[in-house]
Structure formats: structure tokens, C-alpha cells
Amino acid sequence: MKFKSIKGTRDILPEESRRWQFVEQSIRSVMHLFNYGEIRTPAFEETAMFSRSIGELTDIVAKEMYSFTDRGGTNLTLKPEMTASVMRAYIQNNLGEQQPLVKLYYIAPMFRQERPQAGRLRQFHQFGAEAVGGQHAAIDAEIIALACEVYSNLKIRNFVLKLNSVGCERCRPQYKQLLTRYLEKVRDRLSEDSRRRLEENPLRILDSKDEADRMLTRDAPLMKDHLCAECAAHFAELQEHLKLLGIPFGVDGRIVRGLDYYTKTAFEIISMDLGSQDALAGGGRYDLLVKELGGKDTPAVGFAAGMERLLMVMEKQKIVPPGGGHPLVFLAAADEEGRKWVIRTAMGLCRRGFACELDLLGRSLKAQMREADRQQASFVIAVGADELKRNQASIKNMRSGEQRSVDLRNLAAELAKLGDGP
RNA sequence: GUGUCCAUAGUUCAGUUUGGUUAGAACGCCAGGUUGUGGCCCUGGAGGUCGUGGGUUCAAGUCCCACUGGACACCCCA
């Protein structure tokens with residue numbers, strides 16, 4: 001075969017896209033109930049916009065972005081995540097000037113050049129929400145509740161909410177020193193990866209999957225125990241709000257988010273039914289980002305969640321979209337006269353709201369019946385020249401096998417009577 | 001970027017260990033059995049550069065190498 005979809009990208013064919021549409025619809029309905037409005041941003045942006053907001057040293061920026069130079073010499077990047085773009089749009093369109101708290105959601109494709117594996121693709125899809133303009137913990141709680149509600153609404157089971165606070169620009173540097181001092185003492189016994197992390201991002205060592213690392217860091221100091229008064233109060237308040245909302249959570253002092261811009265709240269929603277990449281959603285507060293991108297000092301909080309991973313969990317949990325759409329009417333022709341009538345009538349029935357199918361391959365009546373069966377048509381209307389002369393057609397119920405003659409002039413009414421009307 | 005495993009009809013897979021006629025099955029597809037009627041059944045048919053390229057050999061789907069792609073894991077993340 002000459003052309004193939006490129007590594008880490010794939011086609012979503014009709015059978016599967018039905019499931020996507022169902023999930024997307026469900027997400028949108030929850031988002032709208034929480035009064036979040038949809039934002040759609042361009043597929044690509046200036047590279048510098050992403051690298052500045054996500055962080056030059058993060059894996060995303062350092063080695064995963066799809067970047068290219070366009071014919072005008074501008075350096076562009078396919079969006080690897082959505083928050084940066086949403087904040088850029090928030091600033092550019094002066095959304096903060098119209099109302100103090102702006103609530104936005106999205107469902108969009110993202111691009112990262114990583115090695116594909118279970119639950120990870122190079123083009124993947126995220127849905128998420130951002131609430132921009134308030135620092136109150138009630139907003140963090142709403143964002144978390146919103147994420148959880150999407151899963152509950154789809155009847156997803158076996159997921160847990162893990163919560164942490166990563167502090168702010170005042171308390172985190174102090175804590176980082178404390179942690180580094182602790183880790184330096186056991187440096188030689190850390191895994192190779194973690195020794196590297198010690199230079200780049202010591203917080204990550206707490207999140208290591210290496211058994212030895214886990215043992216070594218069992219008594220390491222955690223950020224949540226070294227928050228400044230403001231961050232500690234915010235974290236406590238968030239937990240109270242979640243209890244108020246009846247949302248179960250576990251505090252996990254080892255959660256570290258991969259992007260530089262997070263402050264205070266960090267959370268993850270983990271599924272037990274996924275492989276190694278088990279995060280369904282992740283998010284948190286980012287009070288410094290809007291200013292970093294050139295806007296006013298504006299606090300914000302949000303989350304991003306993986307569509308593919310959600311679909312994977314649904315498959316595992318055997319959650320399927322409710323039964324298919326319209327009942328289908330198949331128009332079958334026995335001869336040339338019939339074919340002409342069928343073509344004309346199919347258009348007419350479509351306009352009246354009946355889903356129709358007909359033979360476009362010049363096949364025998366038997367083959368048309370087989371096709372109707374394959375398409376799971378509810379009814380077949382069959383005509384031939386002799387019937388047309390009498391203004392009659394045969395209508396067959398494909399479930400019961402029962403067949404009778406009807407007058408052509410009452411066709412739509414007859415179909416509607418059979419319970420298949422629009 | 002690293003590692004392990006994998007690649008044969010549309011699909012799922014035999015065949016590779018031990019190299020040897022025209023590479024098989026099931027399902028699916030097409031047609032006939034029923035000259036105007038689906039499903040079940042019966043009969044027949046179409047469909048494969050054995051991922052690509054090189055090598056070993058009298059002979060390669062089968063052995064060796066490289067590449068490409070896939071699955072899973074690491075890193076990291078949705």
C-alpha cells in the first residue's frame with residue numbers, strides 16, 4: 001500500500017465514531033449544565049506561545065512538539081495542549097473585561113510526538129474546561145466536580161480522584177530546597193532516571209515508579225506539609241468544598257503535574273481499568289499563566305481529559321451508546337420502471353424525515369433484499385412496473401416478515417402508521 | 001529517545017520449530033439453488049507482490065540482516 005496514516009495517528013470509522021458522537025454529546029451537555037461555553041482555537045500557534053507557557057524544560061516543549069517553519073518563516077507548532085491557547089484567546093479577546101469569571105470548555109485534537117502505546121497517540125483528543133478570573137477554592141471545586149460529573153454522567157466506574165497542592169511562588173522554592181537536601185543524602189541509591197530528575201525537577205522523584213526510589217522517598221518531605229499559610233488555607237478550603245459536594249477524594253502528596261504553570265491545586269483522575277497510562281484527566285490551578293502571557297494578573301483553574309482513554313474505559317466497562325438512530329426504509333426495485341420510481345421516492349421520503357436506502361449498483365431484487373437485511377432496514381418497499389400501473393407497492397416488515405400491498409399515494413402516511421415516522 | 005514481542009486473503013488466524021509441488025481454514029464478500037423477496041441451509045466463485053529491501057541456499061512464507069509499521073513497557077503524560 002502506498003499511503004498509510006502516519007505513526008501514532010488513526011482513522012475513526014463510522015462504527016467507532018458513533019461512540020465518539022455519543023460521548024461528545026454527553027460531555028457537551030454536562031458542560032452546558034455547568035454553564036461553560038465552548039471555545040475553539042486554531043490547530044496551530046506561534047511556537048513561542050507554547051514554550052513560554054508550558055515551560056522550556058518540560059518534556060512537551062523539550063522533545064514532543066510538532067513544530068515547523070511556514071513559508072513566511074514563522075515558527076509554528078501544532079497545539080500539544082489546550083490551556084495555553086485558551087489563555088492566549090482570553091487575553092487577545094479581552095474576555096476578562098466582559099465579566100469577572102469566564103468559564104470555557106473545549107473538545108479538540110492535540111499533537112505530541114511521543115512513542116505510541118496503550119492510551120497514547122501522536123494525535124489524540126482532549127476535552128477540558130478552564131475557569132478564569134477567580135482564586136477562590138470554590139472554583140477549583142467546581143472544576144473538579146465538573147470533571148467527575150462527566151464520568152458519572154457516562155456511568156463510568158472504578159475511578160479515583162487524587163488531590164494535592166503544589167504551593168505557590170513563595171512556598172515552593174523553599175520546599176524544593178528542603179526536598180533536594182533530603183534527596184542528596186540518598187543520591188547514590190536513586191535510580192538513574194531519578195538522579196537525572198534531581199537536577200531537572202526533584203518533585204518528580206516522588207512520583208517515580210521505581211521500587212527502590214519509592215522506598216528511599218517514603219519519609220521524604222511533601223509539599224502539602226510545607227505550604228505557606230495562604231496555600232494551606234486554600235487547600236483546606238478546597239477539601240471542605242469537595243466534601244460539601246459529596247465528591248470522594250484522596251490526598252496524594254506525590255502528585256506532580258507535568259507543566260510548569262501549576263500553582264496550589266493539582267489533581268488527577270485515575271482509572272483502574274486502563275493500562276500503564278492510567279490518568280483519565282489531570283488539572284489544577286495556574287494563577288501565574290495569564291500574566292506570563294502578557295495579560296493582567298489573573299488567577300485561573302482548569303482540567304484536561306483524554307477522549308481516547310475515556311473511550312477505552314467505556315469499552316472495558318461495556319458501556320455502549322443507546323440504540324441506533326432512525327429506522328431505515330429500503331426501497332427495492334424489481335425492474336427499470338421500479339428503479340426510476342425508487343430514486344424519485346427515496347428523495348421524497350428523506351425530505352419527510354425517513355432514513356432511506358436504495359440499490360445504486362443495479363443489483364437483482366434478491367441482492368437488494370440481502371442488502372436491506374445487512375443494513376438492518378425495518379421495512380422494504382418493493383415495486384415493479386405492474387404494481388406502479390395499479391398505484392401499488394409491496395411493503396414488507398423485515399422483523400416479522402409480514403408483507404402487504406399499499407396505495408402509493410398514502411406511502412408516507414402508511415410508514416408513519418407503522419411507527420417509523422419522524 | 002530506549003527495551004521486549006509481533007507483521008500470511010477484507011477480518012481473525014493455521015502453516016515458520018525441522019527450508020522442498022499450484023500457501024490453507026473460518027467468518028465476511030459475490031453469484032446460483034428461488035426467471036419479484038432477506039436471515040437458516042446447500043453449491044460455486046472472486047480475493048494473497050506471505051510488511052519492504054537485501055542476503056544465505058539447487059530451493060525461502062519458513063533461516064540471517066536492515067528498514068518500515070504495529071502492540072506493550074520505560075521516560076513522560078491525556
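A note on names: the letters A, B, ... follow the listed sequences, proteins ahead of strands, and every chain is numbered from 1. These numbers were taken from a predicted model, which means no experiment stands behind them.
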For nucleotides [N] and [M], find the distance between their [atom1] atoms and express it as a whole number of Å.
N: A59(B); M: U18(B); atom1: C1'; result: 16 Å
N: U57(B); M: A73(B); atom1: P; result: 42 Å
N: C27(B); M: C5(B); atom1: P; result: 35 Å
N: C13(B); M: U8(B); atom1: C1'; result: 9 Å
N: G24(B); M: A9(B); atom1: C1'; result: 10 Å
N: G61(B); M: U21(B); atom1: C1'; result: 15 Å
N: C30(B); M: G38(B); atom1: P; result: 14 Å
N: G39(B); M: G20(B); atom1: P; result: 42 Å

Partner residues of Glu142(A) under the salt bridge (charged side-chain N to carboxylate O under 4.0 Å, His left out) criterion, sequence neighbours left out:
Lys103(A)
I'd like to know if [X] pairs up with [Y] as an ion pair, taking the criterion as any Lys NZ or Arg NE/NH1/NH2 lying under 4.0 Å from an Asp or Glu carboxylate oxygen.
X: Glu192(A); Y: Arg196(A); answer: no
X: Asp140(A); Y: Arg285(A); answer: yes
X: Arg197(A); Y: Glu199(A); answer: no
X: Lys396(A); Y: Glu402(A); answer: no
X: Arg339(A); Y: Asp359(A); answer: yes
X: Arg19(A); Y: Glu16(A); answer: no

Would you say Arg197(A) places a side-chain N or O within less than 4.0 Å of OP1 or OP2 belonging to C76(B)?
yes
What's [X] touching, base or sugar-phosphate or nothing? Going by heavy atoms closer than 4.0 Å.
X: Gly338(A); value: nothing
X: Glu81(A); value: nothing
X: Gly8(A); value: sugar-phosphate
X: Arg115(A); value: base

Whole angstrom is fine here: how far is it from [atom1] in [X] over to [atom2] in [N]?
X: Met65(A); N: C77(B); atom1: CE; atom2: P; value: 15 Å
X: Ile60(A); N: A78(B); atom1: CD1; atom2: C1'; value: 9 Å
X: Arg195(A); N: C74(B); atom1: CZ; atom2: C1'; value: 16 Å
X: Glu192(A); N: U2(B); atom1: CD; atom2: P; value: 14 Å
X: Phe3(A); N: U52(B); atom1: CZ; atom2: C1'; value: 16 Å
X: Arg112(A); N: C76(B); atom1: CZ; atom2: P; value: 14 Å
X: Lys7(A); N: U52(B); atom1: NZ; atom2: P; value: 18 Å

Does the side chain of Gln317(A) pick up a donor-acceptor pair with the side chain of Asp273(A) at under 3.5 Å?
yes
Protein-to-nucleotide contact annotation, 5' to 3' order, nucleotides 30-42 of chain B [B base; S sugar-phosphate only; - none; under 4.0 Å, heavy atom]:
SS-B--BBBB---
